[in-house]
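Fair warning: this is a prediction, and the values are worked out from it, not measured in the lab. Each chain gets a letter, A, B and so on, in the order its sequence line appears, and its residues count up from 1.
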Protein chains: 2
Amino acid sequence: MGWWGDWPHAEETAMNIGQAAAATGVTAKRIRYYEQIGLIEPAGRTDAGYRHFGERDLHTLRFIQSARRLGFSMPKISNLLALWRDQNRSSADVKRLAKEHVAELEQKIAELQSMVDTLKHLSHKCSGDARPDCPIIAGFEGDPS
Amino acid sequence: MGWWGDWPHAEETAMNIGQAAAATGVTAKRIRYYEQIGLIEPAGRTDAGYRHFGERDLHTLRFIQSARRLGFSMPKISNLLALWRDQNRSSADVKRLAKEHVAELEQKIAELQSMVDTLKHLSHKCSGDARPDCPIIAGFEGDPS
DNA sequence: CTTGACCTTCCCATAATGGGAGGGTTTACC
DNA sequence: GGTAAACCCTCCCATTATGGGAAGGTCAAG
């Protein structure tokens with residue numbers, strides 16, 4: 001258990017899940033999901049069973065949302081969160097994760113770009129009129145290997 | 001039912017699903033799946049219930065495999081197959097589908113590229129040493145909107 | 001004290017596969 | 001003819017990261 005695990009401080013804010021969603025851009029559904037898969041710690045509950053979120057929780061959710069928008073998967077975000085909370089992290093570790101992710105993104109881009117190139121090449125040779133002859137569709141008949 | 005629906009011709013080849021898979025690069029699992037979702041017509045069966053595939057079926061599977069490798073989704077491939085089999089298609093229709101798909105691919109590429117750019121920008125400012133300070137992780141704390 | 005806007009959990013659905021169990025078939029070989 | 005390996009079959013479950021919706025409890029305003 002980390003030093004940050006149980007803060008005796010009273011939370012300044014206490015939002016319910018809907019307010020937290022509005023404040024962070026993470027839908028209520030997603031917040032519950034993140035809790036379920038253990039990405040975030042279980043939120044506190046009111047007597048009635050409602051979750052409540054403090055500044056700290058909102059901060060975490062915003063962090064997740066940011067990472068999400070940069071295309072990080074849940075497992076990767078989990079790693080990033082661990083580093084984020086680790087006072088003794090080295091920036092080298094963070095940079096390495098980021099670089100690995102960039103490499104994956106660029107690989108994906110290359111694949112997509114290759115598809116685009118092939119399709120544009122085929123399209124270029126297609127008359128695009130009322131006749132049925134079409135190099136695009138003909139190109140699909142070749143060896144798919 | 002189209003003119004091509006029921007061919008009285010005897011099939012020259014009669015492969016079972018494993019051979020068809022090896023011949024087309026489409027795994028047996030995927031062939032069954034394509035049949036199940038109605039992308040391809042149900043394969044003929046032997047008395048024992050084994051599927052068998054003729055040249056025509058292999059041709060179709062190769063077509064699907066090619067389209068798949070160009071990133072087309074199942075519904076789109078379904079459209080492409082319909083055009084492929086339509087003797088009265090216009091190449092304009094094919095070209096339009098291809099162009100729409102290219103547009104989607106390029107949109108996806110742009111999103112991924114934007115992620116890459118942001119991450120590279122942040123990474124560039126990260127010392128990547130033993131110190132914990134890291135603009136990458138700090139960048140995740142900002143407004144995720 | 002009712003009504004509507006919340007919240008809760010639970011189950012289902014998505015896209016396009018892969019994995020595997022449980023059970024029949026075919027093939028090759030002795 | 002029998003046996004074992006290599007097929008095939010049909011189900012069911014898992015994946016990723018969410019959304020939708022039902023059934024039911026709760027809170028706030030009027």
Spacing of A:D47 atom CG relative to D:dT26 atom P, expressed in whole Å: 11 Å
Phosphate contact (D:dC8 OP1 or OP2) by B:R32 side-chain N/O below 4.0 Å: no
Euclidean distance, atom CD of residue B:E35 to atom C1' of C:dA16 [Å, nearest integer]: 16 Å
Nearest-angstrom distance from the residue atom CD of B:Q36 to P of C:dA16: 13 Å
Rounded distance in Å - NZ (B:K29) to P (D:dC12): 13 Å
is_close_aromatic(A:F140, B:W84), centroid dist under 6.0 Å: no
Shared hydrophobic cluster, B:L80 / B:L58 (ILVMFWY, side-chain heavy atoms < 4.5 Å): yes
Integer-rounded Å distance: D:dT16 P and A:I77 CD1: 13 Å
Per B:R45 side chain, nearest of listed nucleotides C:dT9, C:dT17, D:dC9: D:dC9
Presence of donor-acceptor pair under 3.5 Å, side chain of B:Y33 and base of C:dG18: no
A:R51 vs C:dT9: side-chain N/O to OP1/OP2 distance below 4.0 Å: yes
Spacing of B:L61 atom CG relative to C:dA16 atom P, expressed in whole Å: 16 Å
B:S73 side-chain N/O to C:dA15 phosphate OP1/OP2 under 4.0 Å: no
Side-chain touch B:E106/B:V102, heavy atoms, less than 4.5 angstrom: yes
Distance, rounded to the nearest Å, where A:F53 contributes CZ and C:dC7 contributes C1': 11 Å
Sugar-phosphate, base or nothing in reach of A:T46, heavy atoms under 4.0 Å: nothing
D:dC27 base / A:Y50 side chain donor-acceptor hit below 3.5 Å: no
Minimum-distance nucleotide to A:R68 side chain [options: D:dA17, C:dA16, C:dT17]: D:dA17
Spacing between A:L39 atom CG and D:dT16 atom P, to the nearest angstrom: 13 Å
Atom NZ of B:K99: over 12 foreign heavy atoms under 6.0 Å: no
N/O (side chain, B:Y34) to phosphate O (OP1/OP2, C:dT17) under 4.0 Å: yes
Donor-acceptor side-chain pairing of A:S90 and B:D129 below 3.5 angstrom: no
